[in-house]
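To find a chain, count down the sequence lines: A is the first, B the second, and so on, and within it residues start at 1.
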Amino acid sequence: MQGLVVERQNNKIRINSRTWIIEKKERENNYTPPLVESQAIAVKDKEKRGSKNGKGNLYLAGRTEILSLNLERIYRNVIKHTEKLKGEGKLETSLTDNEPLLMKDTLVLLYYMGRKAVLKKFLSWKLKKQVKYLSNPYLFYLNKHLDFHSSKVISMRTQTPMAPILTVYAYAYHILEEAYKNGRESITENHLMFELAEMLDMEEDKVEGEIEIMKAGKISGNMPIFDGGYVYLPWVYFLRKSALKMLAEVKPDSNGAVNEIVLPDNGNGDSKKAHELLSQLAANKYTILTGGPGTGKTTLLERIAGIIPNTQLSALTGKAAQRLGEDARTVHSLLGFGPRGFSKKELDCNLLIVDEASMMNWRTLHAVLLASPRIIFSGDPEQLPPVGGESVFKKMIETLPVVKLDKTWRFKNGLCVETIKKETEKEVFVALSNLLTALKHKDFQVITPIHGGLLGTRYLNTYIQGSFNPSPVILDNLRYKDRVIVTRNIYLDGELIAANGQVGIAEGVDTVEGNIYVCVGFQRNGSYNGSHNSSHNGSQRNGRVLVDRKDLELAYALTVHKYQGSECDYVVFIIPDRKKVREDFITDEMVLVGKTRGRMKTYVLEATGG
DNA sequence: TATCGTAG
């Protein structure tokens with residue numbers, strides 16, 4: 001969900017990508033522009049969080065006093081919109097005397113913020129429900145129709161709410177969501193109290209009273225949950241509770257397949273570990289396979305999958321799944337991930353293998369526990385945690401049986417890392433450019449933590465493409481022979497023909513039913529090495545596939561998250577200026593993943609920021 | 001134009 005973004009450019013103002021013309025109003029006519037307060041609020045919020053890029057494109061709250069917007073145009077549009085819905089019989093108009101004004105304000109604000117879908121939904125509701133929302137706009141947020149900041153703007157502008165406890169709920173929920181983004185699954189009641197007191201500008205005693213009311217309230221809908229001095233997002237609380245209960249079940253259902261396996265020694269030296277893993281599997285529903293980077297977790301998993309009939313391989317990112325083989329999928333794809341969580345249910349398999357399990361959160365854990373009678377969670381607790389929420393894997397490893405691999409196979413001559421530090425990102429960019437010239441004919445991969453900015457995937461990809469691939473353009477900014485990654489699962493007649501995370505080479509364009517597609521060639525296991533190896537035999541997923549341009553990205557530079565679990569000969573790991581990202585974004589875990597991807601050598605290019 | 005990932 002998107003907050004309110006306000007920018008000013010000369011005589012125009014941009015709000016969430018919509019542009020409005022600014023009119024100057026004389027002070028003496030004592031006209032208060034209806035939307036000025038909400039603009040001021042939006043700006044204040046933005047300032048509080050700090051303008052990250054420092055571009056200063058936000059205007060000062062004080063200056064909004066002399067500005068107003070062309071409201072007549074908005075009113076006309078809203079009225080037109082309303083009339084249309086009335087014509088379709090989707091709107092009741094029997095408002096009481098007091099409500100039309102509130103209604104008008106709310107409608108205008110929704111329209112003004114570019115929330116047309118919400119506006120339309122709102123207009124289609126029964127009057128009773130509409131009035132409920134009008135009397136407390138935070139319901140828009142609590143019931144997931146709007147983001148927190150938009151609800152706040154409506155509430156401030158329309159001088160609601162009339163039921164303050166809902167406001168406290170909304171703020172509490174918002175505080176929890178922010179904490180979750182920072183990797184916290186819960187916060188203490190005290191923490192919540194301090195935050196609420198600050199945000200609502202209330203006495204702590206009073207907040208304490210509100211918290212008591214919240215605690216006494218019935219649990220319904222999206223309300224924060226209080227338990228044992230901690231406060232949780234409801235979905236985190238319930239899925240966590242349920243997952244912990246399932247994890248406590250030790251014995252697997254009677255299923256002989258695992259018990260009777262005799263493992264031949266393959267001479268690779270990992271048979272002892274494989275036996276250990278198999279005996280754990282026979283005795284326990286859930287087992288953990290762990291080990292540092294390059295200790296052969298994936299290889300062992302592939303071996304186990306080849307031995308135990310009806311094993312489903314999965315991973316937490318598309319790229320990691322693709323690396324496990326053709327039949328592997330993301331957990332999300334297997335279990336029907338959608339806007340309301342996982343929709344699926346049960347998998348028809350003996351054993352589910354979940355790779356890169358350090359990226360699991362409670363929701364994914366809960367889903368896989370429901371799905372399979374037996375699971376191997378494979379991962380390294382020292383590698384990347386989930387995006388949002390805390391590392392569930394770190395907790396599981398304390399209670400579940402663990403098989404640990406400790407011999408490193410990836411780095412034949414020991415881990416080889418060369419760190420190059422530069423003050424500015426620009427200097428890092430120059431160093432990268434020199435380094436790439438040297439690596440041009442080698443098997444290399446650039447990885448970076450971010451998408452945006454000078455050292456993000458988007459710009460680096462364009463840059464590397466520009467200097468390494470002189471081939472003609474085939475579509476948009478894609479060139480013939482470009483190295484690309486598929487960013488979405490692609491189905492043809494219900495069959496998966498290309499998976500998110502698959503890497504290939506753009507080979508041309510084709511037109512089907514008037515739509516233009518990029519023809520992408522894939523090689524077995526997806527590690528496409530541009531110059532050599534261009535055989536396209538095998539099944540469809542290893543051959544040529546037509547992919548929509550929007551489902552492809554250049555793959556010269558990938559994020560560290562995507563590349564976790566992958567490897568190649570030479571890796572360039574970029575660390576941007578830490579001041580340009582959120583302070584604690586570049587963690588030890590990320591650095592560990594980043595510097596352990598190169599088989600021969602990893603170059604770490606770091607912008608120290610001076 | 002998003003900190004990172006997942007889905008159709």
Side-chain angles (χ1 to χ4, degrees), chain A residues 1-7 9 14-19 46 49-53 55 57-58 114 147 178 180-183 314-322 329-344 354-368 379 383-393 447-453 455-459 485-492 494 496 498-501 548 550-551 553 557-565 574-587 589-591 593-594:
Chain A
M1 280 193 282
Q2 192 183 14
L4 192 63
V5 180
V6 186
E7 285 173 58
Q9 325 166 310
R14 282 176 66 78
I15 295 161
N16 286 355
S17 313
R18 295 180 69 86
T19 304
K46 194 83 184 171
R49 275 179 281 144
S51 181
K52 211 176 298 170
N53 50 22
K55 275 181 194 155
N57 51 5
L58 300 170
D147 58 287
E178 288 299 306
Y180 186 79
K181 279 186 200 157
N182 287 322
S314 72
L316 270 290
T317 68
K319 181 86 176 71
Q322 164 266 332
R329 305 268 295 273
T330 59
V331 168
H332 302 78
S333 161
L334 282 176
L335 300 176
F337 178 75
R340 282 187 298 282
F342 290 93
S343 59
K344 187 159 176 187
V354 182
D355 200 7
E356 302 307 342
S358 67
M359 290 182 75
M360 277 192 313
N361 60 16
W362 290 109
R363 199 193 285 276
T364 38
L365 175 62
H366 177 84
V368 295
Q383 295 188 42
L384 289 168
V387 174
E390 65 177 13
S391 176
V392 171
F393 188 70
I447 57 175
T448 165
I450 50 177
H451 287 299
L455 299 179
T457 55
R458 281 191 287 266
Y459 187 74
I485 182 166
V486 178
T487 57
R488 183 180 175 168
N489 293 328
I490 318 254
Y491 300 89
L492 184 65
L496 185 71
N500 177 12
D548 198 315
K550 69 171 169 28
D551 300 328
E553 276 169 21
L558 294 173
T559 59
V560 180
H561 278 78
K562 279 205 176 91
Y563 211 62
Q564 170 159 306
I574 308 277
I575 303 181
D577 186 343
R578 288 165 197 254
K579 287 191 285 298
K580 301 214 173 170
V581 291
R582 204 157 160 156
E583 209 176 315
D584 49 1
F585 180 53
I586 295 161
T587 55
E589 287 91 343
M590 184 176 291
V591 172
V593 173

Atom-to-atom span, OH of Tyr491(A) to C1' of dG8(B) - whole angstrom: 9 Å
Nearest nucleotide by nearest heavy atom, which residue falls closer to the 5' end of DNA chain B, Ser333(A) or Gly452(A)? Gly452(A)
Any sub-3.5 Å donor-acceptor pair from Ser358(A)'s side-chain atoms to Leu384(A)'s backbone N or O? yes
Could you tell me whether the side chain of Thr364(A) reaches within less than 4.5 Å of the side chain of His332(A), counting heavy atoms only? yes
Minimum side-chain heavy-atom gap Val593(A)-Gln383(A) below 4.5 Å: yes
Rounded distance in Å - CG (Asn182(A)) to C1' (dC4(B)): 12 Å
Checking all strands, does Gly318(A) fall into the base, sugar-phosphate, or nothing category for heavy-atom contacts under 4.0 angstrom? sugar-phosphate
In whole Å, I'd like the distance from the CD atom of Glu589(A) to the C1' atom of dC4(B). 13 Å
Establish, with yes or no, whether the OP1 or OP2 oxygen of dG5(B) is under 4.0 angstrom from a side-chain nitrogen or oxygen of Lys562(A). yes
Determine: side-chain N/O of Thr559(A) to OP1/OP2 of dG5(B), distance under 4.0 Å, yes or no. yes
So which one's nearest nucleotide on DNA chain B is more toward 5', Ile450(A) or Asn489(A)? Ile450(A)
If I compare all heavy atoms of Ser333(A) with all of Tyr491(A), which pair ends up nearest, and what's the gap? OG-OH, 3.7 Å
For the side chain of Asn500(A), starting at C-beta, report the closest nucleotide among dG5(B), dA7(B), dG8(B). dA7(B)
For dA7(B), does either OP1 or OP2 sit under 4.0 Å from a side-chain N or O belonging to Thr330(A)? yes
Indicate, with a heavy-atom threshold strictly under 4.0 Å, whether Leu316(A) touches base, sugar-phosphate, or nothing. sugar-phosphate
Please work out if Thr364(A) contacts a base, only the sugar-phosphate, or nothing of the nucleic acid, heavy-atom cut-off 4.0 Å. nothing
From CG of Leu335(A) over to P of dG8(B), roughly how many Å is that when rounded to an integer? 12 Å
Contact check, side chains of His366(A) and Arg363(A), non-hydrogen atoms, under 4.5 Å: no
In whole angstrom, give the distance that lies between atom NZ of Lys580(A) and atom C1' of dC4(B). 19 Å
Whole-Å distance between dG5(B) C1' and Phe337(A) CZ? 9 Å
Can you measure His561(A) atom NE2 to dC4(B) atom C1' for me and round it to whole angstrom units? 4 Å
According to a strict under-4.0 Å criterion, is His451(A) in side-chain N/O contact with OP1 or OP2 of dG5(B)? yes
Rounded to whole Å, how long is the line connecting atom NE2 of His332(A) with atom C1' of dG5(B)? 7 Å
